[in-house]
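Beneath this line is the structure, given in structure tokens, with notes to follow.
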Amino acid sequence: MISESLLPWYDKHARDLPWRLSPRQRCANPERQFTDPYHVWLSEIMLQQTTVVTVKSYYLKFLDLWPTVHELAAEELDKVLSAWAGLGYYARARNLHRCAKMISEDFGGVFPNNEEDLLVLPGVGPYTAAAISAIAFDEPSTVVDGNVERVIARFYALKDPLPGVKGQMKACAAKQTPAQRSGDYAQAMMDLGATICTPRSPACVICPIQENCKGRKGGIAADLPKKAPKKIKPTRRTYAYVFKDNKGRVLLRRRPDKGLLGGMTEVPTSGWLEGQDPLLDPTLEVLAEWDSFQGIVKHTFTHFHFEIVVRSAEFSQDVSRLAKELGASWHSEDDFGALALPTVMKKILRHAKLST
DNA sequence: AAATCGGGGCC
DNA sequence: GGCCCAGATTT
């Protein structure tokens, strides 16, 4: 069993993370052995496809702004999106807010304590449901994230590629899940994957489960797990129009609730075309004397590269009518911090000599 | 099953 | 430049 050697290692080497009770805290408070479900849920949503280092400051900021799920539920969505800006995968923030309302208004502020009921919550999938039930309630759920997949693939020397081998990995992981200290075990597996059983050059010589690891015995640990080849990313191009008024304000608008950067704040742009030069937006072009070529902002999303030609112009009249026509509103630089500006939009504004 | 959905740090 | 990250949701 992995847990026999892994848990003693975890007791010594567990990482100190904001959403994790330290051994001292657990010793001082025998009543509270597990992290508050609200804290576990919040951290797990943030940690989806996102590194621990990146999440830490956001997690602490959110708890500071909204100490309980009720306060988060009562907040405006745009305020939550603003606080989430920069973390990426903004559907997570929208689902987080929906879920908070559900917990606060329908569940009396009490999180479900088992995998099946947690799975119903928006933004909570198989991994997160298992993680919350294990970490917050010590349920013997099988928690499988990217770390665990790597550890299991190596421990059992599973050579078939992801994602096809996911089912087999889950079955292997389930066999190892202990009935006791399930939450600690889940976190120990993830710590192991993050610090020792790393993607490149794993530190097998100091690994607590090296004894029974088939990947290490076969000398193939570093080559696992195998993954299916990835598709190449196309490039999309657009013009971004930075409208400035004579007070140094800029026209910004809210993106549609669904899809890419849903609900976030944006600079008006022309169509996002693939594989060709961007097209000027005729309705925006005639509204001002635009600066000549100002250079290109480059940004890469999950599934495409993005190249933005930035244009800017200053307005002296009809600014309110213009805002109405574009469905946009004027914002001064001082307010940028309170807006839900995704990173690509901050790049564009900075390129136009505005400080975000 | 495949596509969509961010951003940063590392090599 | 590609890879990885405490994945979920939609098509």
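Base engagement by W19(A) is indicated by at least one non-hydrogen atom pair under 4.0 Å involving a base atom. Looking at heavy-atom distances under 4.0 Å, I232(A) makes no contact with the nucleic acid at all. Within the nucleic acid shown, V124(A) comes within 4.0 Å of sugar-phosphate atoms alone, with no base atom in reach, counting heavy atoms only. Across all strands, L261(A) comes closer than 4.0 Å only to sugar-phosphate atoms, never to a base (heavy-atom distances). S43(A) comes within 4.0 angstrom of no nucleic acid atom, judged by non-hydrogen atoms across all strands. As judged by a 4.0 angstrom heavy-atom cut-off over every strand, G86(A) is placed among residues touching the sugar-phosphate backbone only. Residue G262(A) is out of contact with every strand shown, counting any heavy-atom pair closer than 4.0 Å. Y127(A) comes within 4.0 angstrom of a nucleotide base, judged by non-hydrogen atoms across all strands.
Judged by closest nucleotide on DNA chain C, E44(A) is the one of R98(A) and E44(A) placed further toward the 5' end. Ranked by how close their nearest DNA chain B nucleotide is to the 5' end, K231(A) and H299(A) are led by K231(A).
Q48(A) and T128(A) form a side-chain donor-acceptor contact under 3.5 Å, judged by distance and modelled atom types alone. Side-chain contact check for Q187(A) and R20(A): at least one donor-acceptor pair (N or O, by modelled atom type) lies under 3.5 Å. Between the side chains of S133(A) and N114(A), no donor N or O sits under 3.5 Å from an acceptor N or O.
Phosphate proximity of dG2(C) to K230(A): absent, as no side-chain N or O sits under 4.0 Å from OP1 or OP2. Proximity of R150(A) to the phosphate of dC4(C): no side-chain N or O atom is located under 4.0 Å from OP1 or OP2. OP1 and OP2 of dC5(C) both lie 4.0 Å or more from every side-chain N or O belonging to T50(A). Using a 4.0 Å cut-off, some side-chain N or O of T343(A) falls inside it from OP1 or OP2 of dG8(B).
Rounded to an integer number of Å, the gap from R94(A) CZ to dT4(B) C1' is 12 Å. Protein atom CD of E115(A) is 15 Å distant from nucleotide atom P of dG7(C), rounded to whole Å. Atoms OH (Y90(A)) and P (dG7(C)) sit 18 Å apart, rounded to a whole Å. Spacing between atom CZ of R92(A) and atom C1' of dG7(B) amounts to 9 Å, rounded to whole angstrom units. If you take CD of Q49(A) and P of dC3(C), they are 15 Å apart, rounded to a whole angstrom. In this structure, CG of L162(A) is placed 14 Å from P of dA1(B), rounded to the nearest angstrom. In this structure, M169(A) places its CE atom 15 Å from C1' of dG7(C), rounding to the nearest Å. In this structure, the CD atom of E266(A) is 16 Å from the C1' atom of dC5(B), given to the nearest Å.
Distance from the side chain of H305(A) is smallest to dG2(C) among dA6(C), dA3(B), dG2(C). The listed nucleotides are dA6(C), dG7(B), dA8(C); the one nearest the side chain of D145(A) is dA6(C). Distances from the side chain of M190(A) to the nucleotides dA6(C), dA8(C), dG6(B) place dA6(C) closest. Comparing dG7(C), dA6(C), dG7(B) by their nearest atom to the side chain of P342(A) picks out dG7(B). Candidate nucleotides dC5(C), dA6(C), dC10(B) were compared by shortest atom distance to the side chain of R200(A), and dC10(B) ranks first. Of the candidate nucleotides dC11(B), dC5(B), dA6(C), dC5(B) has the atom nearest to the side chain of H303(A). Candidate nucleotides dA6(C), dT4(B), dG7(B) were compared by shortest atom distance to the side chain of F301(A), and dG7(B) ranks first.
Between W41(A) and F111(A), the distance separating the two ring centers is shorter than 6.0 angstrom. A centroid separation of less than 6.0 Å is found between the aromatic rings of F243(A) and W290(A).
When the C1' atom is used for both dA6(C) and dC11(B), the distance is 23 Å, rounded to whole Å. One C1' atom belongs to dC5(C), the other to dC5(B), and the distance between them is 15 Å to the nearest Å. On the C1' atoms, dG6(B) is 13 Å away from dC4(C), given to the nearest whole Å.
Partners of L7(A) by side-chain contact (heavy atoms from CB on, under 4.5 Å), not counting sequence neighbours, listed by chain and number: S3(A), R181(A), D184(A), Y185(A).
If you check distances only, the side chain of R15(A) does reach the base of dA6(C) with a donor-acceptor pair under 3.5 Å. Between the side chain of Y89(A) and the base of dG6(B), at least one donor-acceptor pair of N or O atoms lies under 3.5 Å.
Cation-pi geometry between R236(A) and F306(A) is not met: the NZ or CZ atom fails to fall both under 6.0 Å from the ring centre and inside 45° of the normal.
Residue I135(A) holds its CD1 atom at 11.5 Å from CZ of F137(A), rounded to the nearest 0.5 Å.
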